[in-house]
Q: 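One structure coming up, written as structure tokens, with questions to follow.
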Amino acid sequence: MSSEQEWPPLPPFSTGVRGRCPRCGQGHLFSGFLKLRSHCEVCGLDHSYADPADGPAFFVICFASIPTVILALWIEARFEPPYWVHLVTTLPFLLLTCVPPLRPLKGWLVASQYFYKAEEARFVAAAPTQPPVAAPADKVSRST
């Protein structure tokens with residue numbers, strides 16, 4: 001549709017966190033809460049390159065679990081409450097620290113993949129295009 005020169009590079013953080021297209025910054029990146037659109041409705045960028053996999057969930061778990069565990073341990077050590085108290089305090093805190101950051105983090109990772117042109121790793125070595133040429137036998141010099 002259009003060449004890469006027509007689209008200036010946009011910062012992946014600002015476009016991804018807002019859920020905007022990493023190329024034009026105007027189209028939507030998501031069609032649902034975490035479901036990516038197949039393409040941008042403004043510039044037509046195909047989003048098939050994007051594969052954040054479990055990256056957003058991994059980062060959220062790493063950063064949200066520490067304050068949640070600290071809160072649960074503090075409530076347990078300070079008040080020694082029954083288990084239902086943890087269900088009404090710690091569980092909502094865990095959900096509020098885990099669910100909202102998923103979409104901005106996924107958008108940021110997808111925009112970063114586009115910005116840095118990230119691709120799947122290729123572990124197969126390329127085959128040589130031409131076999132190596134051996135030196136002719138009559139051209140080999142002998143030193144005596």
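Note that the numbering runs from 1 along the sequence shown for the chain. As a basis for the values below, the full set of heavy atoms in this structure was taken, side chains included, without hydrogen atoms, waters or symmetry mates. Quantities reported herein were computed from a predicted structural model and do not represent experimental measurements.
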Q: For the CD1 atom of I66 and the CG atom of L71, what is their distance to the nearest 0.5 Å?
A: 14.0 Å
Q: Not counting sequence neighbours, which residues clear side chain to side chain contact (heavy atoms under 4.5 Å, CB included) with Y83? List them please.
A: none
Q: Does S14 reach the main-chain N or O of P11 with its side chain, forming a donor-acceptor pair under 3.5 Å?
A: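 Yes, the answer is positive, given that a donor and an acceptor are paired below the 3.5 Å cut-off.
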Q: Taking all non-hydrogen atoms of both residues, which atom of A50 and which atom of V110 are closest, and how far apart?
A: CB-CG1, 3.6 Å
Q: Identify the heavy atoms of A111 and T15 that sit nearest to each other, and give their distance.
A: CB-OG1, 3.7 Å
Q: Answer whether the closest heavy-atom distance between the side chains of R20 and L29 falls below 4.5 Å.
A: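 No, every pair of side-chain atoms sits at 4.5 Å or beyond.
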Q: Could you check whether atom OH of Y49 has more than 12 heavy atoms from other residues, nucleotides or ligands sitting under 6.0 Å from it?
A: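 Yes.
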Q: For K106 versus L36, what's the shortest heavy-atom pair and its separation?
A: CE-CG, 4.3 Å
Q: Given side chains that start at C-beta, do those of S38 and S48 come closer than 4.5 Å, heavy atoms only?
A: no
Q: Is F58 reachable from L105 through a run of hydrophobic residues whose side-chain heavy atoms are each under 4.5 Å from the next?
A: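 Hydrophobic grouping puts L105 with F58.
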Q: Going only through I, L, V, M, F, W and Y residues with side-chain contacts under 4.5 Å, is there a path from L34 to I61?
A: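 No; tracing contacts between hydrophobic side chains, which count when under 4.5 Å, never links both residues.
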Q: Kindly state each residue pair satisfying salt bridge (Lys or Arg N to Asp or Glu O under 4.0 Å) with at least one member in residues 37-47, sequence neighbours excluded.
A: R37-E41
Q: Evaluate the side-chain proximity of C24 to C40: yes if any heavy-atom separation is below 4.5 Å, no if none is.
A: yes
Q: Run the salt bridge (charged side-chain N to carboxylate O under 4.0 Å, His left out) test against E76 and tell me which residues pass, sequence neighbours left out.
A: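 By the salt bridge (charged side-chain N to carboxylate O under 4.0 Å, His left out) rule, E76 matches no residue at all.
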Q: Do P81 and I75 come close enough that some side-chain heavy atom pair is under 4.5 Å?
A: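 Yes, at least one pair of side-chain atoms sits under 4.5 Å.
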Q: With under 30° as parallel and over 60° as perpendicular, where do the rings of F63 and F59 fit, or are they tilted in between?
A: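 F63 and F59: parallel rings.
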Q: State plainly whether one hydrophobic cluster holds both L102 and W108, where clusters connect Ile, Leu, Val, Met, Phe, Trp and Tyr through side-chain heavy atoms under 4.5 angstrom apart.
A: yes
Q: Hey, are the side chains of F93 and T89 touching, using non-hydrogen atoms and a 4.5 Å cut-off?
A: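 Contact flag for F93/T89 side chains = no.
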Q: Using side-chain heavy atoms (C-beta onward) and a distance below 4.5 Å, is Y114 in contact with L10?
A: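 Y114 vs L10: side chains apart.
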Q: For the pair F79 and W74, name the ring-plane relationship: parallel under 30°, tilted 30 to 60°, perpendicular over 60°.
A: perpendicular
Q: With a 6.0 Å cut-off (strictly less than), is the heavy-atom count around CZ of F33, excluding the residue itself, greater than 12?
A: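 Count over threshold, so yes.
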Q: Between the main-chain N or O of F30 and the side-chain N or O of K35, is there a donor-acceptor pair closer than 3.5 Å?
A: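 Judged by distance alone, no pair lies under 3.5 Å.
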Q: What's the separation between atom NE2 in H28 and atom NE2 in H47, rounded to the nearest 0.5 Å?
A: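 Spacing of NE2 (H28) from NE2 (H47) equals 11.5 Å.
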Q: If hydrophobic clusters are built by linking Ile, Leu, Val, Met, Phe, Trp and Tyr wherever their side-chain heavy atoms come under 4.5 Å apart, do W7 and F115 end up in the same one?
A: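 Different clusters: W7 never reaches F115 through Ile, Leu, Val, Met, Phe, Trp or Tyr contacts under 4.5 Å.
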Q: Looking only at heavy atoms, which two atoms of C21 and L45 are closest? And how far apart?
A: SG-CD2, 3.9 Å
